[in-house]
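In what follows, chains carry the letters A, B, and so on, assigned in the order in which the sequence lines appear, proteins first and then strands, with residues in each chain numbered from 1.
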Amino acid sequence: MDVSHLLDQLNDAQREAVTADEGHVLVLAGAGSGKTRVLVHRIAWLIQVHHVSPMGLLAVTFTNKAAGEMRHRVGKLLNLRPDGLWIGTFHGICHRMLRMHAAEVGLPETFQILDSDDQYRLIRRVIRDMELDEGEFPARQMQGFINHHKEEGRRPGDIECFDHAFQARQLAIYQHYQDYCERSGLIDFAELLLRTLELLRDSDARRAHYQDRFGHILIDEFQDTNTLQYALVRLLAGSKNQLFVVGDDDQSIYGWRGAKVENVVHFDRDFSPKVVRLEQNYRSTATILEAANRVIDHNAERMGKNLWTEGEKGEALKLFTAFNAEEEAEFVIARIQDWMEQGGRASETAILYRSNAQSRLFEQVLLREEIPYRVYGGLRFFERAEVKDAMAYLRLVHNPHDDPAFERVINLPARGIGERTVALIRDHARRQGQSLFEAARSLCESGGFTARAGNAVAGFLALIGELTDEYGQAGLGEAMQAAIDRAELADWYRSREPADRAEAREENLAELVRAAESFTQPFEDEQAGLSPTASFLAQAALEAGEHQGERWQDCVQLMTLHSAKGLEFPLVFMAGMEEGLFPHQKSAEEPGRLAEERRLCYVGMTRAMQQLVLSHAESRMIHGQTNFSRPSRFLSEIPAELVEELRPGRPRVAPAQSHGGAPQDAEGLSLGTTVRHPRFGLGTVVTIEGQGANARIQINFESAGSKWLVLGYASLERVG
DNA sequence: TTTCCAGCCCTTTTT
DNA sequence: GGGCTGGAAA
């Protein structure tokens, strides 16, 4: 068989990884070195050359987006849909296994996944039920405590308690929370993994089954695996299956949420894999790579890697020092306008920052300049309050014992069921070991409520009952619509929120109905015996959807450095390069955390394809107070010869001109000249950088403010 | 029961 | 500076 199409487009190192024979493989894949390509081609290679059945392959990624892309690319390369091939996230794959063996792991058929918000609310509920001080045991912190232990594979009984009253209470909260989940058929994200691990560990039959099935296991972003995930991988691998692991220790930026870079080293030790390094970069200019390499060099304990490229040297990095954060934002947006003036697209530019709060200033300027932009982060579709409200009704129809769903909508919209009444239901439920739904019903029947509350609760129960009865014949979309209509959710938002806010919520509800209507159950879910509703609910929890709908628009991309991982842009800005902000204050003290900040810097720098612009402000408002800070230490780790410093804003001659060149170009523009621009009108030349058609000049326009323009493109007319 | 305001917190995020 | 929470007032 001709397999040249699988190898043609690969370089030597990539080919070595793709065609590796027997044994495990560890691919250390630098940024922009084509790791997804290697994974995709490896899968195709195994299927077409080694005739491995797609059924015998398991490919694991960290995000649904990555899984989707891999699935798509494998299909395209093989020119068919590889049915039976399991490609998914750790959580998605564990979920599927648990559905197939629900009874065996002690879960009801209708078990529901708790997302972090559900989990947080439930933990807060538990703490209140236990009558503990919420100041001493903040729910956020307890959520961290529980998830941390679960991710290390520890049940409450596995945690050593040194007879500390405080520690004992923390454990009690974990235990109560867990009991609550068991009772209501709920499972949080970490539990998906832990339950699966226990299933494979404790059941010889199941372990044997999956070990026999998956002869080849491929894992992406291995540096992001946590303890539980690595344990799962080891269990699934057994003694004979082949692991193909791709990762980059230099891009490990999630240590703070339990990821263990050490797993890369442990893998090397535990499995003695063939190690392949992908160091040729296909993304950035040589200058950008050199700068990034030099920064990451300051980290100790690296596995060692040096990115190189056959491509252009490219321009020097730019460094801008702003007086304050406002000026920094003005500068960045002016450079983007400049880029667009020259024919660049807004979507080719990204503004990266360390913390979300930094986006505000950029948004203000972008809004004023009427440049479309998109901010990553924030709430995603299925995390929006109105969507969760409507989904809670569907959850109750699917499983009335879903207490978090019950709590969410028992009085939403307000139907006169207050805290006292709900407390009564909770209390009854706890004493009877029932769900809130059952407790409410039995209290209704036994007349345990006041007349007023009783009517209200009966009304709510009847509503759920009606929806349940009708749902039998209806499709998912109709059921969703019915729930929204009957509950009168839209009226509720309209009655208590400003019109634009309420309208946005209504639009989201309409979108939710559309999503339900067009939902097609994944083939694998159907095989695992899930009902379409169960599939839909699970997917909403596991895959919360897009941050914002308008992807299509050509707009500037704003995001944190963390969310930029895996992406690339021709023009990248890294803003807020200041000590205290980046590296962040809270990470600066510990060497390990500082190293992670430096990796974050490396990740940011390697996003840039053509141009990288770094900026810092001498002062900025943080928490309502003006802070003064020094430039980030990472800036000083970049060799000076790779950086061009810009200091516009101050009326000062640019460096290029101080070397004797006349501060004037062929068209006779000089500082102070008045010019006319077709769009921006009249303005005064403030700064000139460079010469000839490539010269960049800053002009203070009378009405449009300060702009940076490239002389060759700007069609300026000299006035007077 | 609902609504409003003062006081609290404040790094990064996917599942 | 701004978003969320909980306690106090209507």
[N] phosphate, OP1 or OP2: any side-chain N/O from [X] under 4.0 angstrom?
X        : N      : value
A/Arg140 : C/dC4  : no
A/Asn147 : B/dT15 : no
A/Arg360 : C/dG2  : yes
A/Asn64  : B/dT14 : no
A/Ser116 : B/dT14 : no
A/Asn356 : B/dC10 : no
A/Arg257 : B/dT15 : no
A/Ser563 : B/dT13 : yes

| request: Pull up the glycosidic torsion of B/dT11 and say syn or anti, syn being anything within 90° of 0. | output: syn

Counting heavy atoms from C-beta on, name the nucleotide in [options] closest to the side chain of [X].
X        : options               : answer
A/Phe189 : B/dT15, B/dT1, C/dG6  : B/dT15
A/Met621 : C/dG1, B/dT11, B/dT15 : C/dG1
A/Lys586 : B/dT15, B/dT11, B/dT1 : B/dT11
A/Tyr120 : B/dT15, B/dT13, C/dT5 : C/dT5
A/Ala414 : B/dT13, B/dT2, B/dT11 : B/dT2
A/Ser355 : B/dT15, B/dT12, C/dT5 : B/dT12

| Stacking of A/His584 on B/dT11 base (centres under 5.5 Å, planes under 30°) | yes

Using a heavy-atom cut-off of 4.0 Å across all strands, would you classify [X] as base, sugar-phosphate, or nothing?
X        : result
A/Glu134 : sugar-phosphate
A/Arg128 : sugar-phosphate
A/Ala541 : nothing
A/Arg452 : nothing
A/Asn411 : sugar-phosphate
A/Leu561 : nothing

Atom-to-atom span, [atom1] of [X] to [atom2] of [N] - whole angstrom:
X        : N      : atom1 : atom2 : answer
A/Gln539 : B/dT15 : CD    : C1'   : 13 Å
A/Gln229 : B/dT14 : CD    : C1'   : 10 Å
A/Glu383 : B/dT13 : CD    : C1'   : 10 Å
A/Ile127 : C/dT5  : CD1   : P     : 14 Å
A/Leu412 : B/dT2  : CG    : P     : 10 Å
A/Leu581 : B/dT12 : CG    : P     : 10 Å
A/Lys565 : B/dT12 : NZ    : P     : 17 Å
A/Asn226 : B/dT13 : CG    : C1'   : 14 Å

| query | Considering heavy-atom distances to DNA chain B, does A/Ala190 or A/Ile253 have its closest nucleotide positioned more toward the 5' end? | reply | A/Ile253

| Closest-nucleotide ordering on DNA chain B, the 5'-leading residue of A/Tyr254 and A/Gly416 | A/Gly416

| query | Expressed in whole Å, how much space separates the P atoms belonging to B/dT13 and C/dC4? | reply | 16 Å

| Does A/Arg593 get its side chain close enough to the base of B/dT11, under 3.5 Å, for a donor-acceptor pair? | yes

| Salt-bridged, A/Asp118 to A/Arg395, with N to O below 4.0 Å? | yes

| Less than 4.0 Å between a side-chain N and a carboxylate O, is that true for A/Lys565 and A/Glu221? | yes

Taking the cut-offs as 6.0 angstrom to the six-membered ring centre and 45 degrees off its axis, would you call [X] and [Y] a cation-pi pair?
X        : Y        : answer
A/Arg257 : A/Tyr254 : yes
A/Arg505 : A/Tyr493 : yes
A/Arg415 : A/Phe460 : no

| task | Could you tell me whether A/Arg302 atom CZ has more than 12 heavy atoms of other residues or ligands within 6.0 Å of it? | result | yes

| query | Got more than 12 heavy atoms from elsewhere within 6.0 Å of CZ, A/Arg128? | reply | yes

| request: I would like to know whether A/Glu151 and A/Lys260 meet salt bridge (Lys or Arg N to Asp or Glu O under 4.0 Å); could you show each step before the answer? | output: CA-CA 11 Å; A/Glu151 276 159 15; A/Lys260 296 280 191 310; over 6 Å; no

